[in-house]
Amino acid sequence: MSLTPDLLDDDSRFALSHSAASRRCTALRRELASPELSFLMEAHNGLSAKLVEEAGFPGIWASGLAISAALGVRDNNEASWTQILDILEFMADATTLPILIDGDTGYGNFNNVRRLVRKLCQRGIAGVCIEDKLFPKTNSFLGEAQPLAAIDEFCGRIKAGKDSQTEEDFSLVARIEALISGHGLDEALRRAEAYHAAGADAVLIHSKRATAGEILAFAERWGNRCPVVIVPTMYYATPTQEFREAGISTVIWANHNLRAAMTAMRQTSQRIREDESIIEVEGRVAGVHDIFRLVGNGELEEAERRYLPRQAPIGAVVLAASRGNTLDSALDRLTEDRPKCMIDIRGQPLLRRLVATLNDGGVRRVTVVRGYRKEAIDLPGIAAVDNDDYATTGEAASLACALDRIEDDCIIVYGDVLFRRYILDGLIAASGDIVVAVDALWEKHGGAARVRDLAAASRRFSASYLEDAPATLRAIGGDLPQGEVTGEFIGMVRVNARGAALIRAEIAALAAEGALAQADLPVLLTRLAARHDIAVHYVTGHWLDVDDLADLAEARNFP
Ligand code: SPV
Ligand code: MG
């Protein structure tokens with residue numbers, strides 16, 4: 001079994017994270033010490049750190065210039081050392097690679113270096129590079145003859161850093177700026193000797209010349225007394241093989257991710273600004289799913305499965321294949337070019353409102369069965385299946401088209417219904433394999449001419465707090481004897497996995513009898529009620545279906 005940090009007690013967790021930090025320190029130390037030429041690649045935040053790892057580099061250079069620039073400030077210690085530390089924490093969390101941080105001058109004297117090194121070890125940073133200049137520093141490629149630190153003072157910083165590391169293999173790289181500041185090779189070698197003697201694990205010899213002559217000369221005279229690190233930003237044309245042959249330990253590609261990002265962002269911004277469109281750049285930029293993959297959304301989904309309370313995913317099948325019942329010619333005209341579910345209700349198609357209520361209630365996978373004017377049903381976030389025989393078939397046949405969508409908990413609902421969210425919540429929470437929503441206040445709802453799916457149940461609605469006897473369905477239909485009617489079916493059903501199986505079987509039976517085409521949802525439910533318990537969930541208003549202009553007006557006032 002592999003141990004994950006969450007399963008461990010505090011001591012073990014400390015040991016584990018401690019060993020992860022140790023592993024990174026050891027990995028960087030190995031890269032520095034190995035006779036092979038190694039490469040560290042610049043990163044300036046968590047994302048670029050991930051990309052460096054993805055590219056296969058063995059380690060990261062957390063460049064002061066790049067981190068500062070990414071923060072929009074100068075490479076002059078304008079970002080505080082703790083702000084840099086925060087960025088480093090994101091970078092360390094984002095990768096498993098060892099990180100060598102560009103620690104500038106150590107942000108002060110020996111005392112600042114001590115605290116810096118302790119904090120770096122705590123955060124799993126594998127090494128620090130400090131340069132023999134004075135705080136606040138200036139980037140090496142700016143100006144001439146920048147003042148250098150006195151050798152003994154800088155050696156104190158090195159010793160203080162090495163004495164403060166809490167990870168055995170933490171590395172301190174001493175950076176020599178003598179060549180940059182115009183002091184020549186002898187001074188560079190004198191400093192290298194002193195820094196090595198003070199305990200530096202490697203020296204970084206920096207140069208701003210366009211050719212590698214002085215670097216190669218340094219390497220030759222230094223004779224590998226300790227590993228040599230270089231930064232060929234300015235002498236970039238030198239073949240890498242020459243560094244290898246010179247016995248260089250590590251090459252730092254110091255700022256190329258930041259510069260590449262600048263070029264890409266500049267071009268992209270300009271293009272979008274000019275085009276007032278993103279169509280041209282779409283194929284040239286990383287896809288959003290690339291982002292999700294890189295930052296590990298897959299792991300989060302897995303963790304959600306492990307840690308969040310289990311909720312069966314709830315789907316919905318919306319029956320919207322027919323043109324829809326209309327009781328007046330005005331509504332007829334509105335449905336000439338679209339099905340009723342696409343009629344506008346205060347700036348939004350009715351179906352969009354219905355889907356929004358479903359989504360708000362946690363119903364995510366919504367499938368709409370289309371038929372009449374199917375091209376008009378074109379909403380984001382829904383799946384569509386088509387009943388192309390919509391003109392000669394009814395709701396049961398439409399439902400049959402979506403049978404593979406009815407699994408686990410699922411709402412089956414007419415496409416021209418609106419209801420308050422709590423009705424959906426209640427239906428989802430109600431127990432029963434198949435539960436139908438029935439309005440007990442049906443007589444108050446709509447005019448006498450309304451076409452109703454009346455329902456008869458084993459008991460009437462009760463407003464009593466104590467009433468908890470289950471109500472089961474006897475039948476749904478337009479012609480039930482008046483005395484038996486206990487409410488009006490509102491066109492919403494909830495099924496669970498067993499209920500879905502019952503519906504599938506009943507649809508198969510209807511098909512076998514040649515009765516599927518003509519069957520509507522009330523017929524299907526009434527047949528099921530004859531042999532199984534279909535639960536009735538009573539509601540009291542707060543829903544409507546759109547059958548005439550009055551309904552439409554009411555719908556337009558619906559919250
Ligand atoms: C950095 O990347 O911040 C460096 C290297 O220190 S350089 O910019 O070349 O000085
Ligand atoms: Mg720097």
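When a ligand or atom number is given, it counts from 1 through the structure's own listing order.
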Whether Glu131 has an N, O or S atom under 2.8 Å from the Mg ion (ligand 2):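 Glu131 does not place any N, O or S atom closer than 2.8 Å to the Mg ion (ligand 2).
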Take atom CD of Glu168 as the centre, draw a 6.0 Å sphere, and report whether it contains more than 12 heavy atoms from other residues, nucleotides or ligands.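 Not more than 12 within 6.0 Å, no.
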When you look at CZ of Arg30, are more than 12 heavy atoms from neighbouring residues, nucleotides or ligands closer to it than 6.0 Å?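 No, not enclosed.
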Polar-atom distance check: Thr233 versus ligand 1, any N or O pair below 3.5 Å?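 No, since none of the N or O atoms of Thr233 sits under 3.5 Å from an N or O of ligand 1.
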For the 3.5 Å polar cut-off, considering only N or O atoms, please tell me whether Ala66 and ligand 1 meet it.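 No - when backbone and side-chain N and O of Ala66 are compared with those of ligand 1, no distance drops under 3.5 Å.
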When you measure from atom 5 (C) of ligand 1 to each heavy atom in His44, Glu131, Arg175, which option holds the nearest one?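 Selected option, by shortest heavy-atom distance: Arg175.
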Take Ser140 and Glu177 through the side chain to side chain contact (heavy atoms under 4.5 Å, CB included) test and state the conclusion after the steps. CA-CA 8 Å; Ser140 303; Glu177 291 282 296; 2.7 Å; yes
Going through the checks in order, is the side chain to side chain donor-acceptor pair (under 3.5 Å) test met by Glu245 and Gln241? CA-CA 6 Å; Glu245 282 161 10; Gln241 187 55 19; 3.2 Å; yes
Taking the side chain as every heavy atom from C-beta outward, state whether Val203 and Arg175 have any atom pair closer than 4.5 Å.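 In short, these two side chains do not touch, never coming nearer than 4.5 Å.
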Atom 2 (O) of ligand 1 [closest protein heavy-atom partner, distance rounded to 0.1 Å]: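 It is Ser63 OG, 2.7 Å.
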Among all protein heavy atoms in this structure, tell me which lies nearest to atom 8 (O) of ligand 1, with the distance rounded to 0.1 Å.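 Nearest protein contact, heavy atoms only, for atom 8 (O) of ligand 1 is Asn139 ND2, 3.1 Å.
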Is the centre of the Tyr195 ring less than 6.0 Å from the centre of the Phe154 ring?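 Between Tyr195 and Phe154, the centre distance is under 6.0 Å.
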For Phe90 together with His44, are the ring centres under 6.0 Å from each other?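 Between Phe90 and His44, which both carry aromatic rings, the centre distance is not below 6.0 Å.
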I'd like to check which ligand 1 atoms, numbered from 1 as shown, lie under 4.0 Å from a non-hydrogen atom of [X].
{"X": "His206", "answer": "7 (S), 9 (O), 10 (O)"}
{"X": "Leu65", "answer": "1 (C), 3 (O), 8 (O)"}
{"X": "Ser140", "answer": "10 (O)"}

